[in-house]
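Sequence lines set the chain letters: A, B, ... in the order given, protein chains first and strands last, and positions in each chain run from 1. What you are looking at is a predicted structure, and each value in this text was computed from that prediction instead of being measured.
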Amino acid sequence: MNYEEVMKLALERGFYFPSCEVYSDASAGFWEYGPSGVGLKNKFLELWRRELIRRDGMMEIDGSQIMSKSVFEASGHLGNFADPIIKCTKCNSTFRADRTIAEITNIEIPENADLIEFDNAIKENKIQCPKCKGNFSSTKKFNMMFKVGIGPQEEEAYLRPETCQSIFVDFPRLFKTMRGKLPLGIAQVGKSFRNEIAPRQSLLRLREFYQAEIEVFCNPGRLNDVEKFTEVENTVIRVQTDAEPISMTCKEALESGIVPNKFVAYYLGILTEFYEKTGIDISKSRFRKLGDKEKAFYAEVAFDFEVETTIGWLELVACNYRADYDLSSHAKMSKEKFEVMDNDEKVLPHVFEISMGIDRSLYTILEHSLKKDEEHERMVLSLKPYLSPIHVGILSLVKKDGLKEKTDEIFLNIKRKFDAFLDHSGAIGRRYRRLDEIGAPFAITVDHQTLEDNTVTIRKRDSMEQSRVNITEIDSILSGSVAFP
RNA sequence: GCGGAAUUAGUUUAGUCUGGUAUGACGUCAGCUUCCCAAGUUGAAGGUCACGGGUUCAAAUCCCGUAUUCCGCACCA
């Protein structure tokens, strides 16, 4: 299904909707999750924990969203996260100074150069607005971080533009107190904030968004010393270096040199295995190897995990080999020691990052799972059972003759263990359709036969098939069917 | 941020040119009916027509501003 269909479902069924929508001064780029969206998000994260955090023996932390100025001085965000911007005084259009100058004059000025350099280049080459030939204002820095003032002195601090900085600054303590051993993965789920110039397309470009980030700390001398690589060596990943993505096993990707070492190959492998279990169509995915110009300022090697949707390829995860960029910067700035012992060797660990955009992932899951069943005139959200906001609908075929009471009793017995939804009202077909739209994989219906022999029917969402089971079996059937893989 | 289009109930939509407080569908709720796939039937709730200002006896409708959404450009760690 396309963006519009997903949007309609999201609004009608409580997946997500605009923030503060009752006020007309609500800002762009802020959206909230409704009950169905939260259900899906929580289960997605539980899957993430199982497939990445627990599988690899990582630690998870939960850091502050507001962090001090020093953190971002060290991280480079205060310098590099800002673009040099010029504005046309006539038509008010905004341009990147470095790119506009390069386009018109072929003079390359690094984006973190002194602002006066841009101004001089504009003056000397008489650069005018490409749109209206107007004159440019002097160059300014536009920083995408939200600045906040702490306490009555309004001490300068920032909302984090990525969650991972807490992982870096917490690393020395975590390594010491949690008996760390390289390689060590530290993960965090939380919100990040970026003052996007043009937020758009609901969950795809937000100013306040969820990330699930993993930073794996490693000994740079032992990047091919990865025993667990055998677990994924035959896992097929799709990699794109130039024109088209190609399917290959992790082993082939490693041997061909496209992926630099076993360490990176292993994580690309388990990441693919995770996404496969979300129900996203992996045949529409690719790890796109980024060229020097596209990479973030801290990355040595970078792969974007992207998935094709009806609105194009979406970047869901950024995989960056950040080397010792972060730890050495924080060590220098804070004067703390970030080296650790790896066996008998003292090393400043390198970092491989798996930075996942949760909101975009959820959108993609919805788009890939939402299907139109023409034959039965219905929309079906074919979520994996373990990701569905509702596991099971508990329905009475009719309300009378004690069926309602029996249905209530069944609901009461399972509601703490499963996400169950009780529904008595309206035609049975409509109730099934409603459950189909929020992705509930099962519906249990109480009918007259239930009162005679204690059995109910259980309906499967995708096939619409029904079978009859004893009430005492419900728990074990559901437990097996909605369990994480 | 620039240019264009749009904004009417939970969703979708008529009405806007030609000013007189709004139409239909689906959905929701309650009842009747119905032992299995959006059925039938009776009834109900839900809109200060995005927000602010102006013109007018009167504004969803005309004018101005703002916000948001979508499309293109630009941006995107």
Side-chain angles (χ1 to χ4, degrees), chain A residues 3-5 7-14 17-31 34 75-77 80-83 85-88 90-96 99-100 103 129-132 134 142 144-145 161-162 164-165 192 194-202 204-207 211 213 290 294-299 302 304 311 315 318 320 322 325 353 355 357 373 375-379 395-401 403 424-437 443 445-452 456-459 461 464-466 468:
Chain A
Y3 176 80
E4 276 175 13
E5 303 268 9
M7 197 65 227
K8 189 164 182 278
L9 177 82
L11 292 171
E12 280 183 339
R13 297 289 175 213
F17 45 86
S19 176
C20 311
E21 60 180 338
V22 299
Y23 289 106
S24 61
D25 65 347
S27 296
F30 300 93
W31 290 72
S75 73
H77 285 87
N80 291 314
F81 205 57
D83 295 332
I85 295 281
I86 43 176
K87 245 186 177 183
C88 172
K90 202 167 145 197
C91 73
N92 233 8
S93 294
T94 309
F95 299 89
R96 285 265 310 241
R99 298 205 184 170
T100 310
E103 267 168 36
C129 173
K131 277 192 186 161
C132 74
F142 176 72
M144 304 235 311
M145 284 195 293
E162 52 179 12
C164 61
Q165 291 306 323
S192 291
R194 293 181 192 173
N195 200 357
E196 294 283 352
I197 295 171
R200 209 166 276 189
Q201 290 176 315
S202 58
L204 306 182
R205 196 111 169 260
L206 294 159
R207 287 188 166 131
Q211 290 186 303
E213 292 198 293
L290 301 189
E294 274 187 294
K295 285 187 301 194
F297 60 86
Y298 45 67
D304 276 355
I311 46 174
E315 179 195 337
N320 295 308
R322 300 173 75 123
Y325 177 89
E353 162 182 82
S355 172
D373 179 355
E375 191 191 340
H376 300 102
E377 290 180 57
R378 58 176 190 152
M379 295 294 279
L395 317 176
S396 50
L397 189 57
V398 292
K399 265 183 271 192
K400 58 183 184 183
D401 302 332
L403 293 191
H424 293 299
S425 70
I428 190 75
R430 174 173 301 160
R431 282 179 276 163
Y432 287 145
R433 292 297 189 280
R434 252 193 309 246
L435 290 166
D436 291 340
E437 282 192 19
T445 306
V446 170
D447 56 20
H448 283 90
Q449 197 180 327
T450 307
L451 303 180
E452 291 163 21
V456 292
T457 63
I458 181 159
R459 170 191 183 267
R461 174 194 65 204
M464 298 170 73
E465 280 168 10
Q466 285 179 296
R468 196 159 266 283

Checklist line | B:U69 to B:A50 separation - C1' atoms, rounded to the nearest Å | finding: 11 Å
Notebook entry, point to check: A:Leu206 has an atom CG; how far is it from atom P of B:U69, in whole Å?
Noted result: 10 Å
Check: With no hydrogens and no angle check, is any side-chain donor or acceptor of A:Arg431 less than 3.5 Å from a backbone partner on A:Gly426?
Finding: yes
Checklist line | Length of the CD-C1' vector between A:Glu452 and B:C35, whole Å | finding: 11 Å
Note to self: So, under a plain 3.5 Å distance rule, would you say the side chain of A:Arg459 forms a donor-acceptor pair with the base of B:C37?
What the structure shows: yes
Check: If you look at every strand shown and take non-hydrogen atoms under 4.0 Å, does A:Thr457 touch a base, only sugar-phosphate, or nothing?
Finding: base
Checklist line | Out of B:C35, B:C36, B:C37, whichever nucleotide has its closest atom nearest the side chain of A:Val398 | finding: B:C35
Next item on the list: Measure distances between side-chain N and O atoms of A:Arg200 and base N and O atoms of B:C76, and say whether any donor-acceptor pair falls under 3.5 Å.
Entry: no
Notebook entry, point to check: Between A:Arg468 and A:Pro199, which is nearer to the 5' end of RNA chain B once each is assigned its nearest nucleotide?
Noted result: A:Arg468
Checklist line | Touch class at under 4.0 angstrom, heavy-atom based, for A:Ala28 against every strand present | finding: sugar-phosphate
Notebook entry, point to check: B:C32 C1' sits how many Å from A:Asp401 CG, rounded?
Noted result: 15 Å
Margin query: Within the 4.0 Å heavy-atom criterion, would you say A:Phe30 contacts the bases, only the backbone, or no part of the nucleic acid?
Written below: nothing
Item checked: Interatomic distance, A:Lys400 NZ vs B:C32 C1' [rounded to whole Å] -> 10 Å
Check: Is there a donor N/O on one and an acceptor N/O on the other, under 3.5 Å, for the side chain of A:Gln466 and the base of B:C36?
Finding: yes
Item checked: Distance, rounded to the nearest Å, where A:Tyr432 contributes OH and B:G27 contributes C1' -> 20 Å
Item checked: Flag side-chain contact, heavy atom, 4.5 Å: A:Leu9 against A:Glu4 -> no
Notebook entry, point to check: What integer distance in Å separates A:Glu315:CD from B:C75:C1'?
Noted result: 14 Å
Next item on the list: Tell me what A:Ala427 touches on the nucleic acid: a base, only sugar-phosphate, or nothing, going by heavy atoms under 4.0 Å.
Entry: base
Check: With a 4.5 Å limit on heavy-atom distance, are the side chains of A:Glu162 and A:Ser355 in contact?
Finding: no
Checklist line | Nearest-nucleotide 5' precedence on RNA chain B, A:Asn320 against A:Gly426 | finding: A:Gly426
Item checked: Distance in angstrom units between A:Glu465 CD and B:C36 P, rounded -> 19 Å
Note to self: I need the CE-C1' distance between A:Met145 and B:C75, as an integer number of Å.
What the structure shows: 17 Å
Notebook entry, point to check: Which part of the nucleic acid, if any, lies within contact of A:Arg433, taking any heavy atom under 4.0 Å across all strands shown: a base, the sugar-phosphate backbone alone, or nothing?
Noted result: base
Margin query: Need one value for A:His376: base, sugar-phosphate or nothing, where a base atom within 4.0 Å counts as base even if backbone is also close, heavy atoms only.
Written below: nothing
